[in-house]
Asks: 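Below you'll find the structure I mean.
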Amino acid sequence: MSFVPALPEIAVTRVAAPRAVAPRAAGLDPRIKIVLVVLVSTLVMSPGGLQFVPAGLVLAVGLAVWERAWTRAAGLLVTAVALWVLGWLVPLWWPSAFAAIVSIACVYLLRFVVAIGVGMHVITTTSPTQLSAALRSWHAPRAISVTLAVMLRFFPVVASEAAAVLDAMRLRGLVGVRGILRHPILSLERFTVPMIAASLRASEDLSASAILRGLGSRRTPSSLVPPRFGAPDAILLLVLAVLGTWALLTPSPLT
């Protein structure tokens, strides 16, 4: 006879496991970013591109503010104002051949400032993985997608290596206005030679990392965060439509 007390029956219920939801990338669709850079660069560098430069500058500064890159936003504004003063106001105050040459140079440099300002947003907010996923969705050739992804990863590495070289030169007292003015060729050599060596080391590391990630594999990789069109992209398209209408209907102060 058993003295073990009877236990009440416990109903066993199955709890459904939550379905895995693919995370969404914050910010703009990388495909929209690529189209944005191509569109703005084409418009501002066209023969009548000065008409679209103010709208492009507003877009570049707005993207920097949205990204909270206050230094880049202020730098774009200061650079644009300085080029406008040198290219449009100085020839009125001092009409000369030298002022005309400076004015022509500023006209083209201002276009580059707008294009670079928009491109900086793409470089700082787009990872190589996102860029590769966007190009794969467009069925771009593998040679183009791999090259652009490696270039996008190589720029920050070069910038960090340049900062490290300048810090090493500053610690040794090799960086300074007086030293550069007295020995410009020697100062350039002291910076260029370590940068070449650092770039070669960085390229070897990036090549090894690309091989480990299967960047040259024949299989089509899957993206954890696939590119998708969202609300920020719709807002950007609306802003582009407003800026384009403003640029076409409003007389530009640069023409």
Side-chain angles (χ1 to χ4, degrees), residues 20-46 49 52 55-56 59-64 66-69 72 76 111-162 199-241 243-244:
V21 179
R24 290 182 59 87
L28 299 173
D29 190 331
R31 295 170 295 183
I32 297 295
K33 298 178 187 178
I34 297 173
V35 173
L36 179 65
V37 171
V38 174
L39 178 63
V40 172
S41 302
T42 303
L43 289 177
V44 299
M45 300 304 294
S46 61
F52 299 96
L59 178 63
V61 174
L63 290 174
W66 183 37
E67 191 187 339
R68 296 183 180 181
R72 188 169 78 237
L76 287 173
R111 303 184 185 197
F112 282 107
V113 167
V114 174
I116 291 173
V118 178
M120 285 296 295
H121 174 76
V122 178
I123 293 176
T124 55
T125 59
T126 307
S127 64
T129 305
Q130 294 174 347
L131 181 62
S132 300
L135 295 176
R136 281 198 307 270
S137 66
W138 282 341
H139 303 285
R142 186 181 299 271
I144 297 178
S145 60
V146 171
T147 302
L148 292 179
V150 172
M151 288 177 58
L152 188 64
R153 185 66 184 91
F154 187 68
F155 288 149
V157 174
V158 171
S160 62
E161 292 292 344
S199 300
L200 291 176
R201 289 196 304 268
S203 63
E204 293 177 358
D205 295 339
L206 288 177
S207 300
S209 176
I211 293 174
L212 291 177
R213 291 173 180 266
L215 199 59
S217 176
R218 292 298 178 182
R219 296 182 178 181
T220 302
S222 59
S223 178
L224 180 63
V225 184
R228 295 177 182 176
F229 188 87
D233 305 297
I235 295 174
L236 177 63
L237 292 179
L238 180 61
V239 171
L240 285 177
L243 290 176

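Any value given below was found using the heavy atoms of this structure, including those in side chains, with hydrogens, waters and symmetry copies removed.
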Asks: Any side-chain heavy atom of W66 within less than 4.5 Å of one from I235?
Replies: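 The answer is no; the side chains never approach within 4.5 Å.
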Asks: Hey, could you give me the CG/CZ distance between D205 and R201, rounded to the nearest 0.5 Å?
Replies: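 D205 CG to R201 CZ: 8.5 Å, rounded to 0.5 Å.
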Asks: Give a yes or no on this: more than 12 heavy atoms of other residues, nucleotides or ligands lie within 6.0 Å of atom CZ of R153.
Replies: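 No.
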Asks: Please determine whether side chain to side chain contact (heavy atoms under 4.5 Å, CB included) holds for the pair W138 and I144, giving the CA-CA distance in whole Å, both sets of side-chain angles, and the decisive distance to 0.1 Å.
Replies: CA-CA 12 Å; W138 282 341; I144 297 178; over 6 Å; no
Asks: Has the side chain of R111 got a donor or acceptor atom that lies under 3.5 Å from a matching backbone atom of S46?
Replies: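 Here the side-chain-to-backbone pair exists.
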Asks: So do L28 and V122 actually touch side chain to side chain, heavy atoms under 4.5 Å?
Replies: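 No; the side chains remain at least 4.5 Å from each other.
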Asks: Begin from the C-alpha positions of I34 and L135 and carry the test side chain to side chain contact (heavy atoms under 4.5 Å, CB included) through to its verdict.
Replies: CA-CA 10 Å; I34 297 173; L135 295 176; 4.2 Å; yes
Asks: Mind checking the CZ-OG1 spacing from F155 to T124? Nearest 0.5 Å is all I need.
Replies: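 Taking CZ in F155 and OG1 in T124, the distance rounds to 13.0 Å.
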Asks: Using a 4.5 Å cut-off on heavy atoms from C-beta on, say whether the side chain of L36 contacts that of L63.
Replies: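 Answer yes - side chains close enough.
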Asks: How far does OG1 of T42 sit from CZ of F52, to the nearest 0.5 angstrom?
Replies: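 It is 11.0 Å, given to the nearest 0.5 Å.
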Asks: Once rounded to the nearest 0.5 Å, what's the spacing between atom OG of S127 and atom CG of L152?
Replies: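 Between atom OG of S127 and atom CG of L152 there are 7.5 Å.
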Asks: Is it true that the side chains of T125 and E67 contain a donor and an acceptor less than 3.5 Å apart?
Replies: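 No, no side-chain donor-acceptor contact under 3.5 Å.
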